[in-house]
Number of protein chains: 2
Amino acid sequence: MAAVRYHRETVVARAVEVLDRFGLADLSMRRLGTELGVQPSALYHHFPSKQALLAAVADEILERTLLPTAPDAPWDEQVAGICAWVRDATLAYRDGAELVATVWSFGLGASTPYEALVAALRRAPGTDTGVEQHELPEIGARTLLHFVFGHATDEQTQLQAASAGAIEDLPRGGADFAVGLGIILDGLRARVRA
Amino acid sequence: MAAVRYHRETVVARAVEVLDRFGLADLSMRRLGTELGVQPSALYHHFPSKQALLAAVADEILERTLLPTAPDAPWDEQVAGICAWVRDATLAYRDGAELVATVWSFGLGASTPYEALVAALRRAPGTDTGVEQHELPEIGARTLLHFVFGHATDEQTQLQAASAGAIEDLPRGGADFAVGLGIILDGLRARVRA
DNA sequence: ACCTGAACACCGTTCAAGT
DNA sequence: ACCTGAACACCGTTCAAGT
């Protein structure tokens, strides 16, 4: 057989395609190998494990949607902007939210959202002084990400159930998202004021 | 071979044992069958699918920890109590948080936490009147559950990494949990007052 | 550097047949 | 009602060997 040679970037791009067309459950090493016309074992030349491959796919998905920077905006607007970016980026690909959340939870890659949120929250008044508030940026960032990933995953699940014809009413996810995010932002503002 | 006969309850109880001792990844139909001295196909007499089995296990885990009832307490204390209950119940078994969160996300079983939170939030002033606040109990309940499940899953992951010797410092999860929950509760109180 | 081929140790699920 | 036995169509990963 003619040996087809790829490099890492090409494999990741193809994995994103497989994910978007067939979903996370079908993104297996064997399936991706078949899609590339290559033995599954060949993928282990590019990635040490499936987890590492998934981490690269998650990072690629996040990089493909630009994080709008607003360096002079108030901290809470920055936080809202980052959360909207994470939502948009993960909703742009099938099972994107679940994938990025999973990768973040096992601690490889997908750390840009967390770091961006911590940086924005550090700009809130009072978070650098005082003992009680000392870890507020980190705890706040995790609380926000749990919400964003959870909400986006739910939304994507419902969207797919709807497109499979199982459910009639389509989710109006944007409004829900704004309300939930607003609740957490109100709580953060109250903590910062204190 | 002598045919060993079980009924549903026994199978679920054994599944909880396997989960707690070997983790969610090792809770397979084949493994559970072996543990019961039975062919994997025998389990399909009791459950239509693995998802259904997992749903039963999730419900069992929630039932084994009692939800403390406080009918006369203020709504926000009730909410905090329910969240603490979900955290305690899911942390009591290995990978409990991830399992219950997963079952909840695919819409079978594990709905008691959601319903209890919605009921408590409906008791907050102003949530039954007005158009804007109309869905606040539902959105609030989902926001809280995304946080509780996300936080508990993280905590359980870190606990296992620590016990596997990978990480030195142990998480002081309780304090983090209280802060994150406090942020969301502050936000909910602010929305209710408005 | 990149890939093959074969193997190892697994999965969930179905279904005819047994008691 | 509960279970066996066999099969189907899959998994992730390793490793010697090829070019």
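Numbered from 1 within each chain, the chains take letters A, B, ... in sequence-line order.
For Leu27(B) and dG12(C), the CG to P distance is 9 Å, given to the nearest whole Å. dC10(C) atom C1' lies 16 Å from atom CE of Met29(A), rounded to whole Å. For the pair Glu9(B) CD and dA1(D) P, the interatomic distance rounds to 17 Å; values are reported in whole Å. Summarising the geometry, the separation between CG on Leu43(B) and P on dT13(C) is reported as 11 Å, rounded to the nearest angstrom. Here the P atom of nucleotide dC2(C) and the OH atom of Tyr6(A) are 13 Å apart, to the nearest Å. Rounded to whole angstrom, the span from the CZ atom of Phe47(B) across to the P atom of dA1(D) amounts to 16 Å. In this structure, the CZ atom of Arg31(B) is 16 Å from the C1' atom of dG12(C), given to the nearest Å. Atom CG of Leu36(A) is separated from atom C1' of dC2(C) by 13 Å (rounded to the nearest Å).
In DNA chain D, stems built from 3 or more consecutive Watson-Crick or G-U wobble pairs, each with both distances under 3.5 Å, span C:4-8 with D:12-16, C:12-16 with D:4-8.
Of the candidates dT13(D), dG5(D), dC2(D), the closest approach to any side-chain atom of Lys50(A) belongs to dT13(D). The nucleotide whose nearest atom lies closest to any side-chain atom of Arg30(B) is, among dC11(C), dC15(D), dC3(C), dC11(C). Relative to the side chain of His45(B), the nucleotides dA1(D), dG12(D), dC11(D) differ in distance, and dA1(D) lies closest. Out of dC15(C), dC3(D), dC2(C), the shortest distance to the side chain of Val38(B) is found at dC3(D). With distances taken from any side-chain atom of Arg5(A) to the nucleotides dC15(D), dA1(C), dG12(D), the minimum falls on dA1(C).
Of the two residues contacting DNA chain C, namely Ser41(A) and Ser49(B), the nearest-nucleotide position lying further toward the 5' end is that of Ser41(A). Both Tyr44(A) and Gln39(B) lie close to DNA chain D; mapped to their nearest nucleotides by heavy-atom distance, the more 5′-ward contact belongs to Gln39(B). DNA chain D is contacted by both His7(B) and Pro40(A); His7(B) maps to the nucleotide lying nearer its 5′ end (nearest heavy atom per residue).
Going from the P atom of dC8(D) to that of dA9(C) covers 22 Å, rounded to whole Å. To the nearest whole angstrom, the two C1' atoms, one in dA16(D) and one in dC3(C), are 13 Å apart.
A donor-acceptor pair under 3.5 Å links the side-chain atoms of Gln156(A) to the main chain of Thr90(A), judged by distance alone. Not a single donor-acceptor pair under 3.5 Å links the side chain of Glu60(B) to the backbone N or O of Ala13(B). No side-chain donor-acceptor contact under 3.5 Å links Tyr6(A) to the backbone of His46(A). Between the side chain of Arg14(A) and the backbone N or O of Leu36(A), no donor-acceptor pair lies under 3.5 Å.
The 12-atom threshold is not exceeded at CD of Glu9(B), counting heavy atoms of other residues, nucleotides or ligands nearer than 6.0 Å.
Residues Ala80(B) and Leu185(B) come closest through the heavy atom pair CB-CD1, 4.2 Å.
Salt bridge annotation for Arg142(A)-Glu138(A): absent, with no cationic side-chain nitrogen under 4.0 angstrom from a carboxylate oxygen.
For Ser28(A) and dC11(D), the shortest distance from a side-chain N or O to OP1 or OP2 is below 4.0 Å. His46(A) has a side-chain polar atom (N or O) that falls below the 4.0 Å cut-off from OP1 or OP2 of dC3(C).
Counting only heavy atoms from C-beta outward, the side chains of Leu117(B) and Cys83(B) approach each other to under 4.5 Å.
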